[in-house]
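Inspection log for the structure reproduced underneath, given as C-alpha cells.
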Amino acid sequence: MRVGFLLPLVSLLLSSCTINLRQVQEPPRSVAVPTAHPWSSMVYVARTDSGVIVFDLGWSGAGRRLRGALRDMGAAPEEVTAVFLTHSHRDHIAGWRAVRGARFHLTEAEVPLFVGTSLHHDLPSRAAERVLGHSGPRPGEVELRPFRSDTAFTFGSDTVRAFLVPGHTDGSAAYLFRGVLFLGDAVTYNHVNGFGSAQRIFTRDHRRSQASLASLWERVKPYEVRWACNAHAKCAPVGSALIRKVLR
C-alpha cells in the first residue's frame, strides 16, 4: 500500500477528539453529540418554538446517541420536525431511521446520493457502497425538502440559513443557526495542520470546494457568525486564525 494513501487515514486518527464542542451548546436548549470515535461524526440537536431540529445524523451508534440527546432535552424522536444534512456520506446520515418522520432538508444535487440512485464520486465512498451497500433511505422512505439555492427556514423565533457549498460532494451545504456555522466536511482538521479545506481523497472536486468556501465567507457577512464547526465536532471562533485562514 502506498504511503500517500495512508496519509488521509492517519489524519483522521490524529483528529480523534472534539474541539470546543461545549462552547456551541446551550443545554437543554441545544446539545451536540459525537458518534463513531475516532471520527467524532457530530449530531447537533436544538429545540425551537416550532419543534426540535437536527443538523447531520452521525455514524455508528448515531441512533442511540441521538435518542439519548433528545432525552437530555426532554424530547422524543417524534418531536423532531426537521433534519438538515450538510452532505450524504455514510458517516453523517446513519441516524436517519430514528427521525424518519421528520422533513429532511438537503440540496437538490445531493438527493440522488442520499437515496441511493447515484453513487458518490470519491473512491472510499464508492468502495464502501459497493461492499456494504447503501446506508441511507430509499426513494419515498422519508420526506425530502430539497433546495437549489441559498435560502432560509424559519422556526418560530429561530432561522436556519442554508448555503450551497458544492465540491466535497455535488450538493454539500452549510448552515448558520444561532451564530454557529455548520460547514460539514468542506472544512477538515488535524492536529498537525489545524483547520484546512476538504480532504482530497474524500472529495468530488477539491478546487470547487475551495471556491465554495471563499464565496461562503462573503455570503455570511451580513449575519452574526460566532463559531464555525465541521461535521466531525471540531469548532473554532470565526474570528480566530484557526478558522479564518480557511474561510477567507
Side-chain angles (χ1 to χ4, degrees), residues 4-20 34-36 38-42 44 55-59 84-94 106-107 109-110 112-114 118-129 135 150 162-176 180-220 225 227-236 238 240-248:
F5 183 76
L6 285 173
L7 289 177
L9 302 180
V10 172
S11 177
L12 282 175
L13 292 174
L14 288 172
S15 61
S16 59
C17 64
T18 64
I19 297 176
N20 289 322
T35 67
W39 289 270
S40 298
S41 298
M42 183 172 68
Y44 193 95
F55 295 89
D56 281 337
L57 291 169
W59 201 5
F84 292 90
L85 296 177
T86 59
H87 64 297
S88 59
H89 278 156
R90 64 178 56 237
D91 54 331
H92 302 292
I93 64 171
L106 69 171
T107 68
E110 199 73 4
L113 302 170
F114 182 52
S118 294
L119 292 177
H120 282 91
H121 295 275
D122 63 287
L123 179 60
S125 295
R126 290 180 74 88
E129 288 167 344
S135 59
D150 293 356
F163 302 92
L164 274 63
V165 288
H168 179 63
T169 62
D170 285 336
S172 288
Y175 300 100
L176 177 60
V180 181
L181 184 61
F182 297 95
L183 293 163
D185 280 350
V187 169
T188 189
Y189 177 90
N190 66 59
H191 290 302
V192 176
N193 299 312
F195 287 94
S197 55
Q199 291 194 17
R200 292 177 185 272
I201 193 171
F202 300 109
T203 297
R204 160 70 154 155
D205 187 330
H206 189 258
R207 287 186 178 180
R208 190 182 186 196
S209 182
Q210 289 181 307
S212 293
L213 284 178
S215 68
L216 176 64
W217 182 250
E218 294 300 319
R219 285 179 281 161
V220 300
V225 187
W227 290 88
C229 297
N230 71 8
H232 291 277
K234 311 300 187 293
C235 304
V238 166
S240 73
L242 286 173
I243 200 73
R244 190 169 59 241
K245 66 178 183 179
V246 182
L247 292 179
R248 293 185 178 179

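Just the heavy atoms: all of them, side chains too, but no hydrogens, waters or symmetry mates, feed the values below.
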Is the shortest side-chain heavy-atom distance between [X] and [Y] below 4.5 Å?
X	Y	answer
Phe114	Leu85	yes
Val165	Leu183	no
Trp59	Arg90	yes
Ser172	Asp185	no
Val225	Leu176	yes
Phe55	Thr86	no
Met42	Asp56	no
Ile93	Ser135	yes

What about [X] and [Y], are their ring centers closer than 6.0 Å?
X	Y	value
His120	His87	no
Phe195	Tyr189	yes
His206	His168	no
Tyr175	Phe163	no

- prompt: Can you list the steps and then say if Cys229 with Leu181 is a side chain to side chain contact (heavy atoms under 4.5 Å, CB included)?
  reply: CA-CA 6 Å; Cys229 297; Leu181 184 61; over 6 Å; no

Answer yes or no: is there a donor N or O on one side and an acceptor on the other, between the side chain of [X] and the main chain of [Y], under 3.5 Å?
X	Y	result
Ser209	Asp205	no
Ser41	Thr35	no
Asp170	Glu110	no
Lys234	Ala228	no

field: CG on Asn230 to SG on Cys235, rounded to 0.5 Å
entry: 7.0 Å

statement: CZ (Phe202) and OG1 (Thr169) are apart, to the nearest 0.5 Å, by 14.0 Å

Please give me the minimum heavy-atom distance between [X] and [Y], naming the atom from each residue.
X	Y	result
Thr107	Gly171	OG1-O, 2.6 Å
Leu213	Ala186	CD1-O, 3.4 Å
Ser88	Leu113	OG-CB, 3.3 Å

- prompt: Does the side chain to side chain contact (heavy atoms under 4.5 Å, CB included) test come out yes or no for Asp122 and Arg200, once each step is laid out?
  reply: CA-CA 9 Å; Asp122 63 287; Arg200 292 177 185 272; over 6 Å; no

message: Could you walk me through whether Asp150 and Arg219 satisfy the salt bridge (charged side-chain N to carboxylate O under 4.0 Å, His left out) test, starting with their C-alpha distance in whole Å, then the side-chain angles of each, then the deciding distance to 0.1 Å, before giving a yes or no?
response: CA-CA 9 Å; Asp150 293 356; Arg219 285 179 281 161; 3.0 Å; yes

Heavy atoms from other residues, nucleotides or ligands near CZ of Arg126 exceed 12 (cutoff 6.0 Å):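 Atom CZ in Arg126 is crowded, with more than 12 foreign heavy atoms closer than 6.0 Å.
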
task: Check the side chains of Ser40 and His232 for a donor-acceptor pair under 3.5 angstrom, ignoring hydrogens and angles.
output: no

- request: Might you work through the side-chain hydrogen bond (donor to acceptor under 3.5 Å, both in side chains) test for Arg208 and Ser212, ending with a clear yes or no?
  value: CA-CA 6 Å; Arg208 190 182 186 196; Ser212 293; 5.4 Å; no

